[in-house]
Amino acid sequence: MSYQVLARKWRPKRFADLVGQEHVVRALANALKSERLHHAYLLTGTRGVGKTTIARILAKSLNCEAGIGAEPCGVCQACQQIDAGRFVDLLEIDAASNTGIDNIREVLENAQYAPSLGRYKVYIIDEVHMLSKSAFNAMLKTLEEPPAHVKFILATTDPQKVPVTVLSRCLQFSLRNMTPQQVATHLAHVLEAEGVCYEPAALTLLGRAASGSMRDALSLLDQAIAYGVGEVAEDGVRAMLGAVDRRYLFSLLAALAEGDGARLMAEADALAERGVGFESALSELSLLLHQVALAQTVPAAIAPDDPERDALFALAAGMAPEDVQLYYQIAIHGKADIGLAPDEHAGFSMTLLRMLAFHPVEGGYSAPPAGGGRPAAPSIPAAGGHEPARAMHDGEGHAGAKALIARISGRPAAGESAATPPEAASENSEPEPASASAEGAPGAVDMASQPLRAASVTLSASPASDVVPPWVEEPSLAEEAVSHGEGRKVAAGAPTPLSTAEPDSEAVVANVDEAVFDGDWNGWVARLSGRMGTARMLAQNAALRSWDGQRLELSVSEAFRHLASRDYQEKLRAVIRECFGPGLELSVRVENSAEETPAMRDARVRQKHLAQAKESLENDPVVQLMVREFNATLLPDTIQPVQE
Amino acid sequence: MLYPWQTDDWARLNLERERLPNAWLLTGPDGIGKGRFARHLAMSLLCDAPGAGYHPCGRCEACHWFEAGSHPDFRLLAPPVDDEGEGGKTGRKLAQIKVDAVREVIDFAHLTAHRGRGRVVLVEPAESLNPAAANALLKILEEPPADVLFLLLADAPQRLLPTIKSRCRPFQLSRPDRETALAWLAEQGIENAQVEYVYHGEVPLFEHDPALVSVRREFIDGLAAPGFDTVNRLAELVEKHKLPLTRPVQWLQKWLLDLAGLRLAGHIRYHPQRRAALEALAGRADLDALMRCQTALTGIAPYGQHPLNVKLQVEALLMDYLSVFIPARPAATR
């Protein structure tokens with residue numbers, strides 16, 4: 001095992017050997033020359049850019065027997081011992097495994113003693129971000145005013161984890177990432193010295209794959225030499241890097257843009273065969289989506305010499321911007337969830353399917369309801385966001401606002417104020433949603449509920465307004481008017497609402513007694529549901545199969561088999577005979593049918609009401625005013641449509 | 001011994017022997033035998049007289065020690081195993097490699113080798129290093145004392161610290177192709193090898209328990225015929241066999257993936273033998289509800305080994321699943 005990896009073998013021994021980092025080297029060299037040395041340095045930068053290397057060279061420069069200078073001789077005893085890692089006055093501390101305060105205390109206790117061989121005692125504290133809080137604090141005093149013979153050099157990849165008190169005591173140098181060109185040039189230099197033949201294009205590839213880190217590049221180079229059996233060829237390197245090639249992403253996105261599910265899945269399978277990690281594929285995908293979004297909104301941001309520019313713009317032209325946003329969101333979420341899927345492949349394909357499922361053009365599938373899977377849907381109003389702003393632009397909203405302020409302050413409203421609410425409500429053709437919005441408002445507008453209620457009471461009591469706003473109307477009346485088919489004359493004639501559970505039920509029965517069952521099962525059940533008692537369960541979940549004037553045939557789905565029992569049937573029969581005369585026959589069978597049962601209808605209607613209630617609340621000028629003036633928040637979850 | 005599909009990888013690795021790295025990062029999906037490959041490699045590195053193709057001889061003292069798990073120059077850095085008997089396996093899966101274990105390994109690396117053929121440290125899996133432990137490993141990983149070699153195993157190398165990855169030489173292990181894997185599975189005497197192989201994401205190594213397979217089959221039969229009665233039946237089934245929550249969750253996850261896959265892309269991954277049932281269901285599935293159900297599954301997945309009331313959880317999940325097929329049901333607020 002005598003081979004030493006390139007990254008270690010080629011660790012620079014002199015400032016002159018360093019690649020890049022001229023800004024740091026120059027500052028240090030000048031400081032060394034004029035001996036204006038700070039007592040604590042902090043070196044930061046990503047992995048493999050030269051933090052530890054610079055720290056060691058600096059230690060050599062300080063202790064070289066030839067004198068302090070930017071060019072340590074490299075031959076004296078001190079230099080050689082430092083290179084070999086056994087110089088007594090250089091203490092290289094791995095802060096990541098010695099994190100505690102005791103470790104640091106031990107180190108600092110020795111700081112007061114003079115160096116035994118060298119000029120300075122140099123402490124290199126590597127991975128300093130891992131020190132515990134107390135260890136950092138224990139260092140502070142010594143770090144600020146160390147003995148004259150002590151120099152600290154701290155190195156870390158994560159300077160934001162280092163307390164400010166430490167940062168302020170150090171002279172900080174941040175090392176830059178290597179450019180691909182710098183890496184490629186250095187690799188060529190290494191290969192020439194090692195006597196390995198290479199193709200320059202291969203080095204360019206490696207340079208890009210290293211993403212700014214020289215150690216990554218040298219590790220990859222080691223691997224490439226082994227892979228290519230002693231030579232570094234472009235094909236070999238390309239095959240070795242594999243995943244860096246982004247072509248598969250473009251075909252993936254193209255399939256997505258066309259909504260071609262089969263191709264999408266085939267691409268995902270191809271990924272598995274090529275050994276590309278699915279999690280990194282998702283990050284790459286979100287990166288590419290970001291670039292597509294850039295190409296759509298700020299085309300100038302894409303570099304003109306980007307090799308993928310054409311493909312990128314082709315994709316950008318083929319996708320709607322909102323789709324790109326949606327896919328991006330789903331990709332980000334999918335990345336977080338991938339560890340929770342049964343395997344990575346499953347997590348990846350589920351994410352792709354999700355994108356497909358919420359693709360607006362997917363067969364007959366419209367946008368999901370608000371709060372569903374579409375994260376970027378703008379339907380949820382942000383408090384103090386664009387909603388109030390739009391109202392201001394209307395101009396009409398302005399007048400409404402004035403009127404509202406007047407109303408809230410308790411005065412009877414002027415004509416225009418009375419005119420506004422019905423107009424807002426009249427967008428909805430049926431009266432139900434209006435009542436729903438009225439009922440929903442106090443419950444939903446959380447913080448502002450009290451003033452709002454007060455406001456509507458004031459309004460309803462005010463004699464000045466001729467037009468009665470819809471929400472003052474008795475909600476049950478509105479309900480009745482719609483659902484009460486032939487009984488409309490009652491509702492219209494008398495202002496008192498015809499309630500279903502009135503004590504004078506005989507009158508009502510008499511009223512409907514003459515009626516002949518007209519085949520509208522759902523309507524009938526809705527009308528009589530209040531008086532059916534236990535039979536209601538069966539009636540609610542049954543669908544009408546046939547009706548021939550004498551015989552009523554109902555069907556009950558498999559899931560409600562227990563409702564088809566004799567007991568329930570008897571009770572329902574009694575109710576039906578009471579209504580339509582004693583001659584009627586009733587039969588119930590269990591089968592799955594596509595017919596809508598009253599229960600399903602209720603659910604559907606309720607859903608619709610909820611949507612309308614939500615919409616009318618969001619558009620309601622009072623609510624908008626609350627949001628604007630008092631910073632109120634509409635809690636969409638708490639909205640309830642009015643129910644009987 | 002190596003698995004039959006690993007011979008090519010082994011030959012590929014042998015090319016790199018002249019240029020041994022400080023640390024190898026062996027990557028590849030779960031269930032392709034990374035652990036066995038790494039142990040084989042470690043054994044061959046420690047063997048006194050490796051045979052042709054660097055395979056360990058299996059006869060020398062070092063090999064015997066290694067096989068007995070007592071080679072003094074080998075260290076395994078793995079999450080500690082719980083001693084709580086039955087809960088042991090669950091505990092191990094969630095546990096992390098702590099910094100103390102890493103410190104112990106650092107001390108080990110600084111001592112000289114016992115037998116003079118170098119030392120090997122196996123980190124399995126590297127993702128389970130907690131942040132402090134991973135950082136503590138950095139310095140030793142970069143410049144280990146002479147003759148120390150680290151082997152790191154990772155299913156998901158992108159989850160490792162970039163500073164760790166940058167210090168290791170990656171080596172990707174390949175997944176066996178279909179024929180090799182099926183042939184091997186048949187050799188192991190696993191019935192229904194093909195179905196099982198496909199069901200486990202096309203990797204050859206999976207936990208095989210015939211009893212569990214029959215429970216799974218019953219569970220999926222139930223999923224194929226959703227109804228209120230099945231919810232109860234399946235929840236009781238899971239309860240009766242005292243399964244941890246992850247099992248039904250994974251079964252349901254795979255089933256949903258196939259439903260969505262069939263509906264949107266005509267693609268079935270895990271249940272190809274149940275195409276007819278899936279087709280019947282996919283037609284009437286509500287995609288929105290399906291995705292909601294899937295989100296619920298993802299939400300519960302991290303708690304798969306927790307002592308939750310499994311029956312209640314399964315019932316709740318199955319109710320979500322049921323809502324996929326009931327079109328007019330009001331949106332569940334979960």
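Chain A is the first sequence line, chain B the second, and so forth, proteins listed ahead of strands; every chain is numbered from 1. Predicted, not measured: the structure shown is a model, and the values here were computed from it. When reading the values below, keep in mind they use all heavy atoms of this one structure, side chains included, and skip hydrogens, waters and symmetry mates.
Between chain A and the options B/L161, B/T246, B/T163, heavy-atom pairs under 4.5 Å are most frequent for B/T163. Among B/V99, B/N22, B/I140, the residue with the largest count of heavy-atom pairs under 4.5 Å with chain A is B/N22. For the options A/I338, A/D269, A/L352, heavy-atom pairs under 4.5 Å to chain B are most numerous at A/D269. Of the listed residues (A/A266, A/S283, A/A262), the one with the most heavy-atom contacts under 4.5 Å to chain B is A/A262. No other option in A/H129, A/R263, A/E279 has as many heavy-atom pairs under 4.5 Å with chain B as A/E279. Taking chain A as the reference chain and counting heavy-atom pairs below 4.5 Å, the highest number among B/L257, B/L137, B/L15 is found for B/L257. Contact count against chain A (heavy-atom pairs under 4.5 Å) is highest for B/R269 among B/R269, B/R103, B/E16, B/K254. The residue among B/P162, B/G227, B/G266 with the most heavy atom pairs within less than 4.5 Å of chain A is B/P162.
Looking at A/A7, neither its backbone nor its side chain comes within 4.5 Å of chain B, counting heavy atoms on both sides. With a 4.5 angstrom heavy-atom cutoff, A/T157 touches chain B only via side-chain atoms. Heavy atoms closer than 4.5 Å to chain A are found in the side chain of B/L290, but not in its backbone. Looking at A/R11, the atoms closer than 4.5 Å to chain B (heavy atoms on both sides) all sit in the side chain, from C-beta outward. Both the backbone and the side chain of A/D216 come within contact range of chain B, each with at least one heavy atom under 4.5 Å from a heavy atom of that chain. Only the side chain of A/R8 has a heavy atom closer than 4.5 Å to any heavy atom of chain B. Using a 4.5 Å cut-off between heavy atoms, A/T99 contacts chain B through both its backbone and its side chain. With a 4.5 angstrom heavy-atom cutoff, A/M130 touches chain B only via side-chain atoms. Using a 4.5 Å cut-off between heavy atoms, B/R19 contacts chain A through both its backbone and its side chain. Neither the backbone nor the side chain of A/D602 comes within contact range of chain B, judged by heavy atoms closer than 4.5 Å. Contacts of B/P29 with chain A are absent, with no heavy-atom separation under 4.5 Å from either backbone or side chain. Residue contact with chain B, scored on non-hydrogen atoms closer than 4.5 Å, involves the side chain of A/E127 exclusively. Of the atoms belonging to A/L264, not a single heavy atom falls under 4.5 Å from chain B. Using a 4.5 Å cut-off between heavy atoms, B/E202 does not touch chain A at all. Within the 4.5 angstrom heavy-atom criterion, only side-chain atoms of A/E344, from C-beta onward, approach chain B. Within the 4.5 angstrom heavy-atom criterion, only side-chain atoms of B/Q158, from C-beta onward, approach chain A. For a residue to count as touching a neighbouring chain, one of its non-hydrogen atoms must lie under 4.5 Å from one of that chain's; by this rule B/T295 touches chain A with backbone and side chain alike. For B/L138, the part lying near chain A is the side chain, with the backbone staying farther off; criterion is any non-hydrogen pair under 4.5 Å. Heavy atoms of B/P144 lying under 4.5 Å from chain A belong to its backbone as well as its side chain.
Without hydrogens or angle criteria, B/R175 side chain to B/G28 main chain gives no donor-acceptor distance under 3.5 Å. Judged purely by atom type and a 3.5 angstrom limit, B/Q253 uses its side chain to pair as donor or acceptor with the backbone of A/L340. Between the B/S128 side chain and the B/P125 main chain, a donor and an acceptor come within less than 3.5 Å of each other. Counting only distance, with no hydrogens or angles, the side chain of B/R169 and the backbone of B/L25 share no donor-acceptor pair below 3.5 Å. Judged by distance alone, with hydrogens and angles left aside, the side-chain atoms of A/Q223 form a donor-acceptor pair with the main-chain N or O of B/P170 at under 3.5 Å. The closest donor-acceptor contact from the side chain of A/D343 to the backbone of A/A346 lies under 3.5 Å.
Counting heavy-atom neighbours within 6.0 Å of A/K335 NZ, excluding the residue itself, gives a total of 12 or less. For CD of B/E18, the number of neighbouring non-hydrogen atoms (other residues, nucleotides, ligands) closer than 6.0 Å is 12 at most.
Under 4.0 Å is where a charged nitrogen must lie from a carboxylate oxygen, and between B/R159 and B/E127 no such pair does. Between B/E142 and A/K51 there is no salt bridge, since none of the side-chain N atoms of the basic residue sits less than 4.0 Å from a carboxylate O of the acidic one. Ion pairing between a basic and an acidic side chain is recognised when a charged N comes within 4.0 Å of a carboxylate O; A/E92 and B/K139 show such pairing.
Between B/H200 and B/F206, the two ring planes are parallel [angle under 30°; tilted spans 30° to 60°].
For B/R178 and B/Y197, the positive end is not near the middle of the six-membered ring at less than 6.0 Å and at most 45° from its axis.
Using a 3.5 Å distance cut-off with no hydrogens or angles, the side chains of A/S219 and A/D222 do not pair a donor with an acceptor. A donor atom on one side chain and an acceptor atom on the other are found under 3.5 Å apart for A/T52 and A/D126. B/H267 and B/D258 share no donor-acceptor pair across their side chains, judged by distance under 3.5 Å alone.
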